[in-house]
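When reading the values below, keep in mind they use all heavy atoms of this one structure, side chains included, and skip hydrogens, waters and symmetry mates. Order of the sequence lines sets the chain letters (A, B, ...), proteins ahead of strands, with each chain counted from 1.
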6 protein chains.
Amino acid sequence: MRTVLFVGSFDPFTLGHHDIVMRGLQVFDKVVIGLGVNPDKKMMFDLEKRLFFIQKVYENDTRIRVTTYSGLTIQFAAEIGACAILRGIRNSIDLEYEKTIALANKNQNSNIETIFLLSMPEYSFISSTVVREMIKYKGNLQGLVPDVLIPLLQQ
Amino acid sequence: MRTVLFVGSFDPFTLGHHDIVMRGLQVFDKVVIGLGVNPDKKMMFDLEKRLFFIQKVYENDTRIRVTTYSGLTIQFAAEIGACAILRGIRNSIDLEYEKTIALANKNQNSNIETIFLLSMPEYSFISSTVVREMIKYKGNLQGLVPDVLIPLLQQ
Amino acid sequence: MRTVLFVGSFDPFTLGHHDIVMRGLQVFDKVVIGLGVNPDKKMMFDLEKRLFFIQKVYENDTRIRVTTYSGLTIQFAAEIGACAILRGIRNSIDLEYEKTIALANKNQNSNIETIFLLSMPEYSFISSTVVREMIKYKGNLQGLVPDVLIPLLQQ
Amino acid sequence: MRTVLFVGSFDPFTLGHHDIVMRGLQVFDKVVIGLGVNPDKKMMFDLEKRLFFIQKVYENDTRIRVTTYSGLTIQFAAEIGACAILRGIRNSIDLEYEKTIALANKNQNSNIETIFLLSMPEYSFISSTVVREMIKYKGNLQGLVPDVLIPLLQQ
Amino acid sequence: MRTVLFVGSFDPFTLGHHDIVMRGLQVFDKVVIGLGVNPDKKMMFDLEKRLFFIQKVYENDTRIRVTTYSGLTIQFAAEIGACAILRGIRNSIDLEYEKTIALANKNQNSNIETIFLLSMPEYSFISSTVVREMIKYKGNLQGLVPDVLIPLLQQ
Amino acid sequence: MRTVLFVGSFDPFTLGHHDIVMRGLQVFDKVVIGLGVNPDKKMMFDLEKRLFFIQKVYENDTRIRVTTYSGLTIQFAAEIGACAILRGIRNSIDLEYEKTIALANKNQNSNIETIFLLSMPEYSFISSTVVREMIKYKGNLQGLVPDVLIPLLQQ
């Protein structure tokens, strides 16, 4: 059984994240969603809420496990027995950033690959930043986050 | 009559901004310069000063209106009857950023286009960040901001 | 009345081209589609066919004029009284290419701007090259070219 | 069992290609290497030689199958039951090119993903073009192609 | 004698920085390493420590001088008689950033060039940010910073 | 004395090339301009003419030597005792291309560096391709090539 790890701060989880998870499941058996604990970074939603949102989206899907983690991502990937870290790429800015992270991870543990999917074009403009902006100014969240999260985010 | 909206935080307004406004007027009838109100972002110049600088540059040009606004840019564009949002692009970093914003706007209101002009090469290195650096270290502002602003910025 | 020029070799005309023309008409009054004559470049479809395809797409739209031209694009833009050349940008590769062309044009005639629209994400992968490949290997043309062209291209 | 398809014209096969195949096998069970038949493209080595080179590299590895194919890659991927097409990315130029291909493939068959690995930095400058240049001017092939191919390519 | 200036905040100095300095010495006679004083930027290591680290690396190399400076880099380059500012580029994100800085410097003093070396691929993922992350989570520093600094950074 | 090598096919030599040569001379003592002999590539001007054009531009400047060469650039750089190969970069497309070449050269001979200058913005749109286009369609060559070449190229 092939497990991959998909990590982020998910502040909040978007349709772009969801798309990568679903497409990852076309190729791998299990996706572990790792919510990184980073006390230094200021977030719109606290850790519990961010975790709750993702669990809400996948509550009936046994192929997905949602969890928090702290420390180096590559070490967490090894602990859960992932064969790869799964990442989405939207554009060339993402690419250069991801390249740095992937190579730093390879440098720590060369047995775990980083595997990339390209964002589908209809989701390529979505980021947690855009979603937070829409929440702040009461814009339309349709098409930006999973439907089940819309009422929860608009409170 | 075709109106376009040109927005930013303009901290401060530069020759790069000015060039986009002037070239926009070769193609459209009116340019509204919208100074976004963002209390969370730390600025070198306060809102009143930033507004005053831009008004100073265009005080005799009736094709240009300068104003502050808050909320989503796309909503403000609709309110003032703009057919498009006008943006300048300097390089591929700008492009990917602008793509995200333009598509998020399209997602909110598909009737308003975002129209891009490429920065002229002689202005392509100019940013508000560079200007603030020059002010801070008393560098030469010639060729970075409209001449009329130089004495005002050096105080 | 504001006219813009949209040029290419259109071998063949795609939904990506069509999208730029339609969105250009939200901002400008008239779009002239200029089919560049370039005897040195090997094409899949000859000039007459390529012209016929575009005319077919816009046969009832008086806001659009389709024509061939030879020589420098910037000179043709001046001849037809265009205030700007209209271009679509898909990604950062396009940007650097377009920058070169736009600046070379500015160097020849500084009164005519080049105005850019970003490709909509659902069309961003479409190019004449992709369409020719699909024609060659009898792939699906749906969503790649205007519907009216599908039977004509599959012959 | 998870099979992925890795395609190219491999004129000739390089250490960069080899690295992607080997790393693909850390994540998937089987890699099919598809050598695209394209009579219109001028090659340094003919189809038989290019096929022979790759078979030579993997002659004892049962996890790898080497074969030629013609037509659309996405159709060939479906025929062999691949869950994904495997690609290497070196830089942002590659990315934009790959994005176009991946989305065009998705448009033809949405069940097959394209999965990307980033080239390892020590192979990131290697391309078949560079190798052909070295062959032509009798440069050093060490570190550019699998060792077993060096005597075969230098003839 | 040709002197070049190499500046940064070096929080901390990495093998990537070291590689640029060493390769700079293959082409120029002397490299001055300028540690920029910037009281507004929050650092992991204070100025004295950062200076000490770099001095430690080069304590026996008379071709290198390490010093702090404040104010505009281009003015400091002129003061020390440098013919050029030396910079490393890792990727296209770096390029656009560096272009802005280099042109702003040229605008202040056109006699001093900015000269670029491309990062060697094995160092291209290294940044001070990555190193700080590894220190924070007790990851492996081997291959990221000069060996002499490893015990000092792990305290 | 520090010599650098500047190579190309120079079909024809442009103001962009000239700018790199002149700025190279602010930092190095001698620039050897190497005109690569490549019989496979179709050129607008034959080798003799291209050589003559460059010699014309620099006929009184003893710091510059103009010559043809064949074979690998890195071998030629070693033969003439160059400490570095000098290259201009205009944009991120150039960067990725140059990175490949520079690393391939390093792989052949690690003693010779490749040193980059960024194109000045006013020359960043100039390429031999643009100049050939202007010659073909009788556009204005002012600001594209050294003045002394204008009458020679317009014949």
Legend entry - Residues of residues 3-28 of chain A contacting chain C, heavy-atom criterion under 4.5 Å, by residue number: none
Inset, instruction - Tell me the residues of residues 112-143 of chain A whose non-hydrogen atoms fall below 4.5 Å from those of chain C, in number order. - result: A:P121, A:E122, A:S124
Legend entry - Those residues that, when tested against C:R65, pass salt bridge (charged side-chain N to carboxylate O under 4.0 Å, His left out) (two or more places apart): none
Inset, instruction - Pull out the residues in residues 72-100 of chain C that come under 4.5 Å of chain A, heavy atom to heavy atom, sorted by number. - result: C:S92
